[in-house]
Structures are given as C-alpha cells and as structure tokens.
2 protein chains.
Amino acid sequence: MDNFTFFNPTKIDFGTGKEQLIGQHLAEHGIKKVLLCFGSERIKRDGLFQTVSQSLAGQGIEFIEFGGIVSNPLLSKVREGIALARGHQVGAVLSVGGGSVLDSSKAIAAGVAYAGDVWDLFIGKATIDSALPVFSILTLAATGSEMNSGAVVTNEDTKEKFAIQSVHTFPRVSIVNPALMQTVSRDYLVYSAADIIAHCIEGYFTATLQPTLHSRMVEALVNTVIDSTETLLDNPADYAARAEFAWAATQALNGLLYAGSAGFNYPNHMIEHALSALFNVPHGAGLSVIMPAWMKWYHGRNPAQFQRFAKQVFAVDTPLQGIAALEAWFDKIGTPTRLSQLGITDADLPAITDVVLGNAQWFGIAEVYTRDVVTEILKLAR
Amino acid sequence: MDNFTFFNPTKIDFGTGKEQLIGQHLAEHGIKKVLLCFGSERIKRDGLFQTVSQSLAGQGIEFIEFGGIVSNPLLSKVREGIALARGHQVGAVLSVGGGSVLDSSKAIAAGVAYAGDVWDLFIGKATIDSALPVFSILTLAATGSEMNSGAVVTNEDTKEKFAIQSVHTFPRVSIVNPALMQTVSRDYLVYSAADIIAHCIEGYFTATLQPTLHSRMVEALVNTVIDSTETLLDNPADYAARAEFAWAATQALNGLLYAGSAGFNYPNHMIEHALSALFNVPHGAGLSVIMPAWMKWYHGRNPAQFQRFAKQVFAVDTPLQGIAALEAWFDKIGTPTRLSQLGITDADLPAITDVVLGNAQWFGIAEVYTRDVVTEILKLAR
C-alpha cells in the first residue's frame with residue numbers, strides 16, 4: 001500500500017426528511033445569511049424550495065437566490081455567483097441540486113475568498129487558501145461531490161473543463177435524502193450509474209499499486225450500482241435501492257477508494273471532459289461511451305485486473321468478456337455506448353482529440369495519451 | 001437503508017515513517033505539552049520512543065510520560081492519568097501503542113474535562129461535553145480505535161467492562177505505520193484477526209435492516225483479513241499484507257459498516273467482555289471462542305445472511321458449513337475456539353453468566369440474552 005493521508009470532515013445527514021434540518025445545520029455553524037444555489041425552477045414546483053426556505057426561516061437565516069445553474073456548469077455563472085455572494089456578504093453557500101450545482105457552489109465559495117479571477121484556481125495560477133463554508137442538499141446521486149472537496153467547471157471561452165480541490169471546499173454538511181431522487185429521469189439515472197462506475201474503475205484499472213482491499217471495495221460498489229439501477233428501472237419508487245445507489249455514489253469518490261492506491265489516473269474522465277465541453281453531452285452518457293472503448297484499448301496493460309473485474313462483477317472468465325458484459329449492460333439499461341448515439345461523427349474526431357490533448361497536460365498523462373492513442377480510442381467508440 | 005448521520009473527522013496519516021511527523025501534527029493544532037501514554041517499556045527499546053520524543057522536541061513540545069497501561073485497560077490507571085494530566089496542565093493526550101493505550105488516552109482526555117469521577121461517563125451518569133484533543137501512533141491493528149470515538153475500560157472493582165463514545169473523543173490525527181506492527185507476536189496477530197472479524201460480523205448478522213452494500217463491504221474486509229493474516233503468518237515482514245490488515249482493521253470500526261444499518265447489536269462483544277473482565281484473557285482470543293458458539297446458537301434467526309457469509313467468505317453452501325469453516329480457520333491460524341483453551345472450566349460458567357447478564361443490560365439486549373440463552377451459548381463454546 002502506498003503512504004497516504006486520509007481526511008474527510010464532511011458530515012453526511014442521510015435519509016428521509018433530512019432536508020428539513022438544513023436550517024439547524026447552518027445555525028450550528030453560526031451562519032446568518034446564505035447564497036442559495038440551484039438549477040432549474042423545478043425545486044419550486046416540487047416543494048423542496050419551500051421546505052428549505054421554511055427551515056432557514058425557522059432559524060432566522062436569510063437567503064439570496066441564485067438559480068439557473070446548468071449541467072456541465074459554466075465559469076461565467078460561477079463568476080456571477082461570486083459577485084452576488086460578495087454583494088450580499090453571505091456567510092456560506094448552500095447548494096440545492098445535483099453535482100453541477102454543488103460544484104458551482106464550491107467554486108463560488110473559493111472564488112469569494114480569492115481576490116483575483118476564480119479561473120486562476122483551476123489552472124494552478126493560485127491556490128485556495130480559504131473558502132466560504134459550503135452546505136448541500138443533494139437531489140441527484142452521481143458525482144460524489146457531496147463528500148469530497150472537488151469541483152469541475154467548464155470555461156466556455158477556452159472549452160476547458162477543469163477541477164479544483166482543497167481542504168477548504170469539503171461541504172461542512174451534505175444532506176442526502178434518496179426520496180428526493182425518486183423523480184430523477186430514467187436517462188439521468190442510467191447516466192449517473194455510468195458516472196459512479198467510472199469513478200470506481202479509473203483507479204482500479206490504472207493504478208500501478210492497487211491493494212486487493214481496494215479492488216474488493218470497488219467491486220462491492222460496482223455490483224451495488226448494477227443491482228440497484230436494475231431495481232430502480234423496474235420501480236423508481238424503491239427506496240432501499242435508491243438509498244443503496246445514492247450511498248454507493250457517495251462512497252465511490254469520498255477518497256477511500258484511492259487512499260493507499262498509487263500511480264492511478266483518470267483517462268476516461270480526461271477524454272469525456274472533451275465531449276461534454278464541446279458537445280454539452282451529459283457527463284455520464286459520455287463516460288458510458290468512452291469506458292468500453294478505453295477498456296478495449298487498455299486491458300492488455302493490466303490483464304490480471306481486467307480478469308478480476310470480469311469474474312467479480314460479471315461472473316465471466318476473460319478480460320474481453322468482462323468488457324463486453326459491461327458494454328452490454330450499458331446497452332441494456334439504455335445509456336449510450338457509441339459516439340454516434342451522442343450525435344458525434346468521424347468529422348468531429350480531430351476537434352475532440354485536440355481538446356483531449358490539452359486535457360492530457362492537465363491530467364498529467366500526456367506522454368501516454370498521444371494523438372494516435374486518443375484517436376484509436378475514439379475510433380473504438382464509433 | 002435506515003436514516004443515519006455519518007461524521008468522522010479523524011485524519012489518518014498512514015505509511016512508513018509517518019511517526020516522525022507527530023510533532024508537526026501536534027504543532028498544527030497548537031499543542032505545547034502532551035501526556036504521552038504508552039504500555040510496556042518496549043517502545044523505549046525498539047526506538048519508537050526516541051523517534052517520538054525527537055519529533056516533539058523538534059517542535060518545542062513538552063511531554064509527560066505515562067507508561068504501564070495494560071491490555072483490557074483499567075479504570076484505576078485512567079484515574080491516575082487524569083490526575084497526572086491535570087497536575088501538568090497538558091494540552092493534549094498522545095497515545096503511543098495499541099487499542100488499550102488509545103482507549104485509556106480517550107478516557108483520560110474526557111475525564112480531565114469532567115469535574116466528577118470519570119466512571120460516571122461510562123455508566124451514563126454524565127455526558128461528555130468536551131475533552132482534551134487526542135492524537136495517536138498505532139502499534140497494533142485490531143480495535144479500530146484509531147478512527148472512532150469509542151473507548152472501552154474495565155472497572156476492576158465491579159468487573160464491568162464498559163465503553164464511552166462522544167464526538168469529542170475522535171482522535172484528531174492517528175498515525176498508522178504498518179511497519180511498526182511487524183514485531184507484533186504471532187499470538188496477538190491472530191487475536192487481532194478475530195477482533196477485526198468480530199467488528200465486521202456483529203452488525204452483519206444481527207441487523208434487522210442490513211443494506212446489501214454493507215454486507216458486501218463486510219465481506220471485502222473479512223476476506224482481506226483472512227488473506228493478509230495467512231500471508232503474515234508465513235512472512236511477518238510482508239509490508240503489503242501488514243498494510244491491508246491494518247487498514248481493514250481501521251475500516252471495520254470507523255462507522256461506515258454501521259451507517260444505514262439498523263437493529264443491530266453486539267452479542268459477541270457482550271459475552272466476551274465478561275471473559276476478559278473476569279479472566280483477563282486477550283479480547284480477540286475471547287472473541288474467537290465466543291463467535292462460533294454464538295453463530296451455532298443464532299444462525300437459524302437469519303439463515304439467508306449466514307448462507308451469504310458461507311458463500312462469499314468461504315465458498316461453501318450452507319450456514320453450518322460457513323460457521324464450521326470460520327471455526328476451522330480460527331483453529332488453523334491458532335486462535336482459541338474453546339473455553340478450555342482459555343483455562344475456563346464448567347465451574348466458571350455461572351460466574352461468567354452473571355457478568356454477561358449485567359452487560360446485557362448495558363448493551364440493551366437483556367430480553368433476548370437470558371440466563372438460559374447465555375448458558376446455552378457458553379456450553380457450545382466448551
């Protein structure tokens with residue numbers, strides 16, 4: 001096992017009705033005024049907004065509304081949120097939504113505390129020395145952002161989709177109520193399944209030092225995602241499955257799967273970020289296209305681990321059978337496995353490759369992922 | 001899944017050489033003087049004491065030595081530590097040792113901050129409202145105390161072995177260097193294996209609401225303990241196995257296995273605590289005797305889960321085959337499976353039962369664990 005430091009101070013308040021406690025959680029941290037970040041107006045129609053505002057009012061906490069955050073969240077919107085938060089001198093940022101709203105909230109929280117432009121924090125021009133405290137109520141389980149310190153934002157001018165990470169951007173409290181996720185669309189459920197599986201398998205396959213315990217944990221999570229997704233496709237109201245799906249999503253990226261593992265990287269995310277930055281495809285949909293293609297290209301570099309995956313997840317024998325089984329499962333649940341399903345044609349491949357090569361610098365794996373290699377992987381995804 | 005709140009603020013600094021950083025960790029928390037708790041003088045012979053004192057000196061941190069803490073740590077010793085900590089006005093408690101030293105350190109930290117007698121905190125006469133910060137360097141992986149807020153202490157006057165738990169008693173930082181555990185005796189290695197397995201399976205078998213994800217996590221940990229124990233018995237210097245064993249121990253009792261599970265209890269610990277309180281047997285040795293006996297008595301109440309255990313851990317088919325396989329594995333590694341191996345005879349059973357019945361009140365399961373039931377389980381362990 002590699003040396004590591006594990007620290008995750010986020011408090012998770014999980015279960016039915018927990019969103020009613022958001023006011024208390026904020027009050028316990030001495031918060032008087034928050035920037036309330038959200039996406040569409042749906043939370044006003046389904047009652048969540050009212051629940052939250054009542055809980056805040058009950059503790060005498062003011063809030064400033066900041067809606068309209070979109071999937072693959074945009075830098076321009078983050079800058080707007082920073083200005084609003086400064087103007088109103090809020091004491092915290094409260095995210096009510098999925099990973100995009102939460103990532104934007106973290107970026108706003110860090111940006112408020114930084115004198116320069118927030119993008120500096122994404123490109124390594126400056127470090128995050130402090131941030132407003134972040135709180136969240138999660139409405140979509142996928143990204144794991146509720147229990148980690150990362151945030152991914154797209155710079156729409158440069159088409160770069162980059163991340164920040166800092167001890168200051170862990171949410172103080174994240175409320176995860178699986179019942180709030182019951183109305184997630186069928187499409188977003190299956191995209192989320194692909195996203196969680198991607199978080200699990202990036203390190204699993206790429207690490208040069210991967211403890212067996214970590215592999216077993218990955219397999220426990222992936223098998224849980226597979227089982228609970230199938231249950232939810234049959235019955236979206238199944239609370240137990242919704243809860244297992246949500247808690248698996250959280251644990252897939254709270255740091256435990258990577259603590260002690262070494263030499264890993266995130267090639268599938270690196271490639272997918274180009275798809276969502278250029279074509280605004282849902283992140284999970286992009287990942288379900290890229291993963292089988294990448295695995296077909298990569299498996300010979302780590303055959304024992306691919307065989308392990310085949311056996312432990314799909315009860316088949318060979319690496320290629322395991323990859324085929326994953327692809328077949330993506331097809332079965334209805335998340336795309338081909339670029340054509342995303343409306344991407346061969347003519348788009350050079351532009352995608354250009355962006356991937358830029359990402360490869362940022363991800364630190366440009367030596368391996370050359371133009372030829374990226375093109376080869378993309379062709380396997382046609 | 002049951003509603004839950006998960007919060008674990010302990011920072012784990014894991015790996016080779018990490019004990020050299022203890023001074024820095026304390027300095028980051030503004031600590032100037034610590035009570036340095038330890039067990040035998042062994043740490044002075046093997047160099048660890050010197051490493052720690054140098055690291056403290058490097059940050060200008062004073063320390064007061066408090067050695068001689070024994071396995072199944074005693075209330076009298078905790079009281080002595082509280083007096084010493086108060087007399088020297090230390091700012092923190094530093095544990096250098098295994099679970100017994102760490103549990104004593106937590107009890108001292110809580111006791112210093114409480115005006116009355118520390119045992120009040122164990123019997124529910126008072127609650128823990130604050131505590132000195134606790135830091136630890138772990139030398140034996142078993143109890144999981146390095147990443148939880150619990151502490152178990154024996155009151156030698158009343159023969160009660162009870163626990164405290166509080167948000168104030170999480171270690172701020174725990175240093176886990178598997179290389180420091182290389183010299184753990186063969187006996188204590190196998191007792192520790194039994195202890196970790198007990199932490200995993202108590203909830204797994206007794207919960208009335210047990211998510212499949214949690215069962216999978218338990219199986220991942222138990223399989224890791226089995227594999228790494230066997231490797232270490234062959235080669236105590238195998239760092240990778242030592243590290244997997246240690247990290248599995250930490251994760252078995254850091255709260256994750258129980259968050260979302262419901263209706264579970266700790267009957268094996270309840271019964272074992274009587275053995276170690278009365279006969280001072282090593283906790284893990286007591287557990288490896290009690291577990292197979294308890295499982296033989298209990299399995300009919302949760303047959304599906306016992307079948308799952310049989311299949312996922314030992315690749316056998318029936319509950320009884322799974323229990324037999326666990327007992328055989330305990331025999332194989334050399335941890336006791338019979339009361340007689342602990343020097344306990346039939347004449348001792350009434351006295352043990354008396355103490356267990358007292359414990360059953362504290363554990364909240366006295367209705368199920370009557371004198372007849374406890375006697376039956378103990379007879380299965382003869």
Side-chain angles (χ1 to χ4, degrees), chain A residues 1-18 21 25 147 167 170 172-179 209-225 227-228 231 239-248 250-251 254-256 259-260 262 312, chain B residues 1-18 21 25 147 167 170 172-179 209-225 227-228 231 239-248 250-251 254-256 259-260 262 312:
Chain A
M1 205 173 305
D2 199 33
N3 283 7
F4 67 87
T5 302
F6 180 83
F7 177 61
N8 192 321
T10 298
K11 180 182 285 187
I12 298 289
D13 208 354
F14 189 104
T16 53
K18 293 291 186 122
L21 303 178
H25 285 299
M147 199 179 179
V167 72
F170 279 103
R172 301 295 171 97
V173 178
S174 283
I175 288 172
V176 181
N177 174 0
L209 176 56
Q210 170 76 352
T212 308
L213 172 55
H214 295 56
S215 294
R216 289 181 168 126
M217 291 291 188
V218 163
E219 292 149 9
L221 291 170
V222 172
N223 281 316
T224 299
V225 171
D227 289 351
S228 55
T231 303
Y239 180 82
R242 192 69 70 176
E244 295 222 19
F245 187 92
W247 191 220
T250 303
Q251 294 196 69
N254 69 358
L256 280 173
Q312 298 297 330
Chain B
M1 204 172 308
D2 199 32
N3 283 7
F4 67 88
T5 303
F6 180 84
F7 177 60
N8 192 321
T10 297
K11 181 182 283 187
I12 299 288
D13 208 355
F14 189 104
T16 54
K18 292 291 186 123
L21 304 178
H25 284 300
M147 199 180 179
V167 72
F170 280 103
R172 301 296 171 98
V173 178
S174 283
I175 288 172
V176 181
N177 174 0
L209 176 56
Q210 171 75 353
T212 308
L213 172 55
H214 295 56
S215 294
R216 289 181 168 127
M217 291 291 188
V218 163
E219 292 148 9
L221 291 169
V222 171
N223 281 316
T224 299
V225 171
D227 290 351
S228 55
T231 303
Y239 180 82
R242 192 68 71 176
E244 295 222 20
F245 186 93
W247 192 219
T250 304
Q251 294 196 69
N254 69 357
L256 280 174
Q312 298 297 330

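All values below come from the heavy atoms of this structure, side chains included, with hydrogens, waters and symmetry mates left out. Order of the sequence lines fixes the chain letters, A, B, ..., with proteins taken first and strands second; residue numbering starts at 1 for each chain.
The structure places CZ of B:Phe4 at 9.0 Å from CG of A:Asp13, a figure rounded to the nearest 0.5 Å.
Only the side chain of B:Asp227 comes within contact range of chain A, with heavy atoms under 4.5 Å apart. Looking at A:Ser215, neither its backbone nor its side chain comes within 4.5 Å of chain B, counting heavy atoms on both sides. Contacts of B:Ser228 with chain A are absent, with no heavy-atom separation under 4.5 Å from either backbone or side chain. Only the backbone of A:Asn8 comes within less than 4.5 Å of a heavy atom in chain B; its side chain stays farther off.
Put simply, the side chain of B:Ile12 reaches to within 4.5 Å of the side chain of B:Trp247, judged on heavy atoms. Within the 4.5 Å cutoff, side-chain heavy atoms of B:Lys18 are placed close to those of A:Thr5. Considering only heavy atoms from C-beta on, A:Val176 stays 4.5 Å or farther from A:Met147 through its side chain.
Comparing A:Met1, A:Arg216, A:Arg242 by heavy-atom pairs within less than 4.5 Å of chain B, the highest count is held by A:Arg216. By number of non-hydrogen pairs under 4.5 angstrom with chain B, the leading residue of A:Phe7, A:Phe14, A:Phe6 is A:Phe14. Of the listed residues (A:His214, A:Glu219, A:Lys11), the one with the most heavy-atom contacts under 4.5 Å to chain B is A:Lys11.
Side-chain N or O atoms of B:Glu244 include one that pairs as donor or acceptor with a backbone N or O of A:Thr212 at under 3.5 Å. Checked by atom type and distance alone, the side chain of B:Asn254 pairs as donor or acceptor with a backbone atom of B:Leu256 at under 3.5 Å.
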